[in-house]
Amino acid sequence: MMPDDQFRTTTRHMLRESKTYASQTLMGGLSGFESPIGLDRRDRIAALKSGDIGFVHSWDINTSVDGPGTRMTVFMSGCPLRCQYCQNPDTWKMRDGKPVYLDAMIKKVDRYKDLFKATHGGITFSGGESMMQPAFVSRVFHAAKEMGVHTCLDTSGFLNTNYTDEMLEDIDLCLLDVKSGDEATYHKVTGGLLQPTIDFGQRLAKAGKKIWVRFVLVPGLTDSEENVENVAKICETFGDAVEHIDVLGFHQLGRPKWHELRIPYPLENQKGPNAATRERVANQFKDHGFTVY
């Protein structure tokens with residue numbers, strides 16, 4: 001029998017021969033990563049389940065809003081939600097990502113670890129929805145912690161039960177998207193359910209993890225006083241875990257991707273919030289004792 005740590009391989013005739021395919025496969029469409037080739041469907045599913053490979057959309061080094069310091073932000077492919085304001089609909093389907101070896105990702109973190117330590121940065125997994133690939137993400141996080149690198153999970157929390165308590169141990173910070181304060185609005189915005197986000201936030205708090213809450217402010221969709229109050233009350237259940245709340249004004253930067261993918265865009269003519277609405281919402285959160293950015 002074949003050892004458990006080896007993969008069956010396809011025969012040569014099963015692989016496409018075009019230069020485009022070779023380029024995309026060998027580099028995974030991702031600078032610096034070699035992608036697994038020759039794995040049949042069953043092997044890929046097994047490797048995904050074990051975390052030996054992960055399906056990745058892209059990655060970059062940045063100093064923006066993906067956590068403290070200089071970050072390596074990895075955008076994973078696959079998402080169960082269909083948010084009306086999604087900026088990256090090209091990450092919805094896992095099969096549209098490129099498979100990347102676990103060891104290759106860990107080596108990439110190791111390459112930048114001195115930069116991360118010097119800038120108090122680290123690695124952030126985003127998406128798509130990074131919790132769709134818990135084994136891969138948690139194994140990279142565990143390796144990062146062994147290097148002394150800060151870890152950050154950017155998530156909706158919708159897949160709460162995908163993460164074990166043991167997996168939570170290697171998360172330093174969570175960027176938690178609380179997309180609405182009531183089930184009806186949450187379902188309208190995302191097509192999903194709100195309660196798993198609440199449950200995940202409370203689990204993070206119980207585990208002593210830090211949370212940066214993110215709330216996208218969309219006029220006519222998420223901006224009602226009642227909805228904002230409900231979001232604030234949800235955040236209160238996370239206690240001292242919440243370091244601050246980011247109120248993110250809706251914008252149209254993601255619209256070209258919807259057009260390119262020929263997906264009907266529900267917010268085609270939607271405008272962002274005005275200054276008065278931003279101030280009112282920020283003050284609502286501040287009235288509950290939160291720091292707001």
Side-chain angles (χ1 to χ4, degrees), residues 57-68 71 73-93 96 124-130 152-158 174-182 185-192 194 197 211-232 234-235 243-286 290-293:
H57 173 270
S58 58
W59 71 282
D60 64 20
I61 297 292
N62 64 71
T63 55
S64 55
V65 293
D66 297 323
R71 314 295 301 181
T73 302
V74 182
F75 298 92
M76 304 299 289
S77 292
C79 184
L81 301 180
R82 292 297 179 265
C83 298
Q84 291 192 32
Y85 49 68
C86 180
Q87 295 183 58
N88 299 303
D90 50 335
T91 65
W92 285 351
K93 298 177 182 178
D96 290 341
T124 298
F125 273 104
S126 186
E129 174 51 71
S130 52
C152 177
L153 183 72
D154 182 4
T155 180
S156 69
F158 178 70
C174 180
L175 309 182
L176 184 62
D177 296 321
V178 182
K179 299 172 186 290
S180 170
D182 66 81
T185 303
Y186 191 94
H187 183 74
K188 183 177 181 180
V189 172
T190 71
L194 168 61
T197 297
I211 300 172
W212 293 1
V213 171
R214 289 176 159 181
F215 173 67
V216 179
L217 182 60
V218 186
L221 186 61
T222 65
D223 67 335
S224 73
E225 291 189 23
E226 181 180 9
N227 188 48
V228 174
E229 281 297 309
N230 287 336
V231 171
I234 288 170
C235 294
E243 292 194 328
H244 67 257
I245 297 177
D246 291 309
V247 177
L248 306 175
F250 169 77
H251 55 68
Q252 290 284 8
L253 295 179
R255 181 169 58 182
K257 288 187 178 181
W258 289 71
H259 291 179
E260 182 179 352
L261 295 170
R262 298 187 177 184
I263 303 172
Y265 185 41
L267 301 177
E268 186 69 40
N269 300 309
Q270 178 67 56
K271 297 185 182 300
N274 58 35
T277 302
R278 285 175 174 269
E279 183 178 7
R280 186 260 297 170
V281 171
N283 286 335
Q284 284 187 260
F285 286 126
K286 289 176 182 177
F290 294 111
T291 299
V292 180
Y293 293 146

Side-chain donor or acceptor of Trp258 paired with backbone N/O of Cys86 under 3.5 Å: yes
To the nearest 0.5 Å, tell me how far Leu176 CG sits from Cys235 SG. 8.0 Å
For Ser156, is there any backbone N or O sitting under 3.5 Å from a side-chain donor or acceptor partner on Thr197? yes
So which of Ile263, Leu261, Leu81 actually passes side chain to side chain contact (heavy atoms under 4.5 Å, CB included) with Trp92? Ile263
The reported gap from OG in Ser58 to CE in Met76 (rounded to nearest 0.5 angstrom) is 10.5 Å
side-chain contact (heavy atoms from CB on, under 4.5 Å), that's the test. Do Asp96 and Asp90 meet it? Break it down for me. CA-CA 8 Å; Asp96 290 341; Asp90 50 335; over 6 Å; no
Can you find a heavy atom in the side chain of Arg214 that is under 4.5 Å from one in the side chain of Val65? yes
Non-hydrogen side-chain atoms of Leu175 and Leu153 separated by less than 4.5 Å: no
Please tell me if the side chains of Cys174 and Thr155 come closer than 4.5 Å, counting only heavy atoms from C-beta onward. yes
Check: Gln284 side chain, Ala232 main-chain N or O, donor-acceptor pair, under 3.5 Å: no
Other residues, nucleotides, ligands: >12 heavy atoms within 6.0 Å of Glu260 CD: no
Please work out whether the ring planes of His57 and Phe75 are parallel, tilted or perpendicular, with thresholds of 30° and 60°. perpendicular
Donor-acceptor pair, Thr222 side chain versus Val216 backbone, under 3.5 Å? yes
Is it true that Asp223 and Thr277 share a donor-acceptor pair across their side chains at a distance under 3.5 Å? no
Looking only at heavy atoms, what is the nearest atom pair of Gly249 and Pro273, with distance? CA-CG, 3.8 Å
Is the shortest side-chain heavy-atom distance between Val247 and Arg278 below 4.5 Å? no
So, Thr91 side chain and Gly128 main chain: donor-acceptor pair closer than 3.5 Å or not? yes
side-chain contact (heavy atoms from CB on, under 4.5 Å), that's the test. Do Val228 and Arg280 meet it? Break it down for me. CA-CA 10 Å; Val228 174; Arg280 186 260 297 170; 4.1 Å; yes
Over 60° means perpendicular and under 30° means parallel, so tell me whether His259 and Tyr265 are parallel, tilted or perpendicular. perpendicular
Under a plain distance cut-off of 3.5 Å, with no hydrogens placed, do Asn227 and Ser180 share a side-chain donor-acceptor pair? yes
Hey, are the side chains of Lys179 and Phe158 touching, using non-hydrogen atoms and a 4.5 Å cut-off? no
The reported gap from SG in Cys79 to CG in Asn88 (rounded to nearest 0.5 angstrom) is 10.0 Å
Test item: Asp246 side-chain N/O and Leu248 main-chain N/O as donor-acceptor pair under 3.5 Å: no
Would you check if there is a donor-acceptor pair between the side chains of Gln252 and Gln270 at a distance under 3.5 Å? no
Quick check: are there more than 12 heavy atoms from other residues, nucleotides or ligands sitting under 6.0 Å from CD of Glu243? yes
4.5 Å side-chain heavy-atom contact, Arg255 and Glu268: yes
May I ask you to test the Phe285-Phe215 pair for a side-chain heavy-atom distance under 4.5 Å? yes
Closest heavy-atom pair and its distance - Asp66, Arg71: O-NE, 3.6 Å
Is the shortest side-chain heavy-atom distance between Leu194 and Ile234 below 4.5 Å? yes
